[in-house]
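Counting convention: from 1, in listed order, for ligands and their atoms alike.
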Amino acid sequence: MVHLETDIFIIGAGGSGMYAAIAAARNGAKVIIADKSMIGRGGATIMAQMTTAAALGDEEPDHWTMHLEDTLLAGRGLCNEELSSVLCKEAIDRIREMDDWKVGWARKNGKITGVGAPGHRKPRCVYVDFLNTGPAVAKCLRTQIVRNAEVTRISGLLITDVVVEDGVVVGAVGFNLADQTPVTIAAKAVIIAAGGLTRLYSRNSASANMNGDGYAMALRAGAELIDMEFPQFFPIGHLAPRLVGMDPIMWDPFRYKLGGRLRNAKGEEFVHEYGGQDEGKYLTTRDIISYAITKEEEAGRATSNGGVYLSFEHLLEEELRSAFGPVIDRLAANGIDLTKRPIEVAPIAHYHMGGIKVNSRMETSVLGLYAAGEAVGGANGANRLSGNALVEAFVFGERAGRFSAIYATGKQRGWSNKSGIRHLDSLNNLISCKHSDDPEHAELGQIWAELQNLMWQNVGVLRTGLKLKKTLLRLRSIRENLEEVTPAKGQAFNLTLQDWFDLRSGLLTAEAVTLSALNRTESRGAHQREDFTETKQSFERNQSISLDRNGSLNSRFVTSKNFSELKNAR
Ligand SMILES: Cc1cc2nc3c(=O)[nH]c(=O)nc-3n(C[C@H](O)[C@H](O)[C@H](O)COP(=O)(O)OP(=O)(O)OC[C@H]3O[C@@H](n4cnc5c(N)ncnc54)[C@H](O)[C@@H]3O)c2cc1C
């Protein structure tokens with residue numbers, strides 16, 4: 001076993017975790033940042049290829065309060081206004097700070113340039129050319145932490161649990177993926193920066209390590225989650241033809257920049273039929289377009305692959321080349337010529353608006369436990385605007401690092417010889433359990449496939465009470481029986497132990513999403529109920545969810561505190 005000690009321990013090294021590490025270290029803390037993947041190379045941050053939103057106002061007048069108004073409007077009444085306002089205001093500082101760190105924001109006439117996106121009234125989405133934003137951002141933050149002597153980086157460490165004693169966080173427990181060595185970390189504060197949950201859906205834009213670990217860890221540690229019924233479905237995820245090595249959501253900026261047309265299998269434009277004002281304007285938000293495409297599919301007007309067409313055929317080759325730049329050659333390498341044929345697109349699970357409930361210092365309800373990035377819920381309400389997720393990772397990461405370091409100053413670590421014993425025992429039991437000769441790995445794989453299909457079919461873009469209830473029962477039963485499924489034999493590079501823990505988190509998180517979706521008997525933003533199609537004033541409330549001692553989830557609706565003075569701040 002390996003034991004480590006630090007002031008601040010950060011779970012997850014995407015944009016939010018790395019920013020938290022930088023901020024904690026510059027506020028005087030010693031930091032360990034760990035990732036089950038490679039530091040700064042796993043999760044969503046490095047996959048994001050497009051934009052990050054901030055009201056810089058460099059090219060044309062803009063103000064963070066206008067960004068806030070757009071965010072609140074898109075959030076359909078459910079944003080935690082305090083978090084949204086922090087997000088929009090401090091986005092500017094973070095983008096400028098990263099500019100100082102030479103991230104490489106695209107510029108015109110020497111000024112950082114921004115593009116428009118649906119729901120943003122100003123062209124405030126900054127980027128790194130061409131489709132390079134995520135990799136550039138990840139590299140920039142990696143460089144900062146590599147240079148920082150106060151930050152220790154650990155790749156390939158899967159954290160299974162946050163350790164809490166007498167209501168206070170004392171550290172965390174996990175194991176080294178390469179050889180299954182248990183690892184304990186004593187810390188004064190822990191930050192969960194473990195990203196989202198979209199791997200729970202069979203159609204997703206995620207990497208394999210986004211299975212809701214952070215949400216499940218927070219629940220088990222005694223923290224609350226909020227608005228779990230709101231995974232975001234990205235409407236025009238790439239469907240066909242085959243596209244290798246490119247972001248499945250890459251079509252978005254080109255669509256609104258160039259006026260890409262969405263048509264059903266009959267060749268008709270349809271978004272306006274569902275309340276979107278799309279034709280010629282391309283301003284319709286993600287929730288409405290996802291709904292419209294799913295309804296077209298349901299009505300039998302989908303393409304043979306089950307999506308709709310996105311066409312750029314009305315444009316000249318020169319226009320396409322000037323907008324797509326070198327991307328046009330990467331498309332050609334995939335056999336895609338946009339002047340000759342449309343591509344097919346359909347919704348995919350992409351992001352999570354819900355998450356761990358925090359205040360604006362990123363504190364959860366458990367003393368010493370913080371959260372950051374996509375793991376946090378509330379800032380984007382029922383629907384997120386393009387570009388608000390990366391910036392959420394930077395802003396909330398910086399805050400979590402700063403406030404946790406302030407909290408840790410002058411404190412002693414609470415870890416004792418007995419800390420984490422319960423978690424270590426169950427980890428050791430799993431490592432040393434008796435295996436049958438069955439191919440257990442396949443069994444874990446089958447459960448994953450069932451989970452993803454259940455979530456896509458029944459807890460996806462369109463939901464009904466009946467399907468949600470059925471799914472909830474099935475998820476509970478699989479979760480209750482997971483102990484009987486064991487990882488395969490062998491210690492070196494045996495990833496089935498990871499599969500087991502991924503499933504344990506995935507099942508609990510999926511159950512939280514399903515239960516919340518069942519309880520919200522209305523339609524709002526990304527949550528669309530076919531049996532309750534109206535948006536109801538009485539549901540303009542957040543839903544909070546927690547785990548009781550018996551391992552059951554309980555949910556309740558709460559009225560979030562709105563900060564009316566923010567509306568007058570301009
Ligand atoms: C394909 C794609 C494109 C996107 N494009 C954009 C865009 O253009 N603009 C925008 O604003 N947003 C975009 N997003 C969303 C945005 O990228 C994410 O919301 C944001 O990067 C999340 O950052 P994060 O640090 O919270 O999480 P992540 O970057 O996902 O990092 C989380 C890290 O935690 C690690 N981890 C998880 N569980 C554990 C565990 N148990 N133990 C140890 N480590 C763990 C993971 O390995 C991962 O490295 C996109 C997302 C995707 C998937």
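With respect to the salt-bridge test (charged N to carboxylate O, under 4.0 angstrom), the residues Asp7 and Lys30 do not qualify. Looking at Asp99 and Arg107, a side-chain N of the basic residue comes within less than 4.0 Å of a carboxylate O on the acidic one, giving a salt bridge. Remark: Glu82 does not engage Arg399 in a salt bridge, criterion side-chain N to carboxylate O under 4.0 Å.
Using a 4.5 Å heavy-atom cutoff, the side chains of Arg153 and Arg142 are not in contact. Residues Leu243 and Met250 have side chains in contact (heavy-atom distance under 4.5 Å, counting atoms from C-beta outward).
Sorted by chain and number, the heavy-atom contacts of ligand 1 below 4.0 Å come from Ile11, Gly12, Ala13, Gly14, Gly15, Ser16, Asp35, Lys36, Ser37, Gly42, Gly43, Ala44, Thr45, Met47, Ala48, Met50, Thr51, Leu157, Leu158, Ile159, Ala193, Ala194, Gly195, Ser205, Asn209, Asp213, Met217, Asp247, Ile249, His350, Tyr351, Gly373, Glu374, Arg384, Gly387, Asn388, Ala389, Leu390, Ala393.
Asp58 pairs in a side chain to side chain donor-acceptor pair (under 3.5 Å) with only one of the listed residues (Arg124, Lys108, Arg96), which is Arg96.
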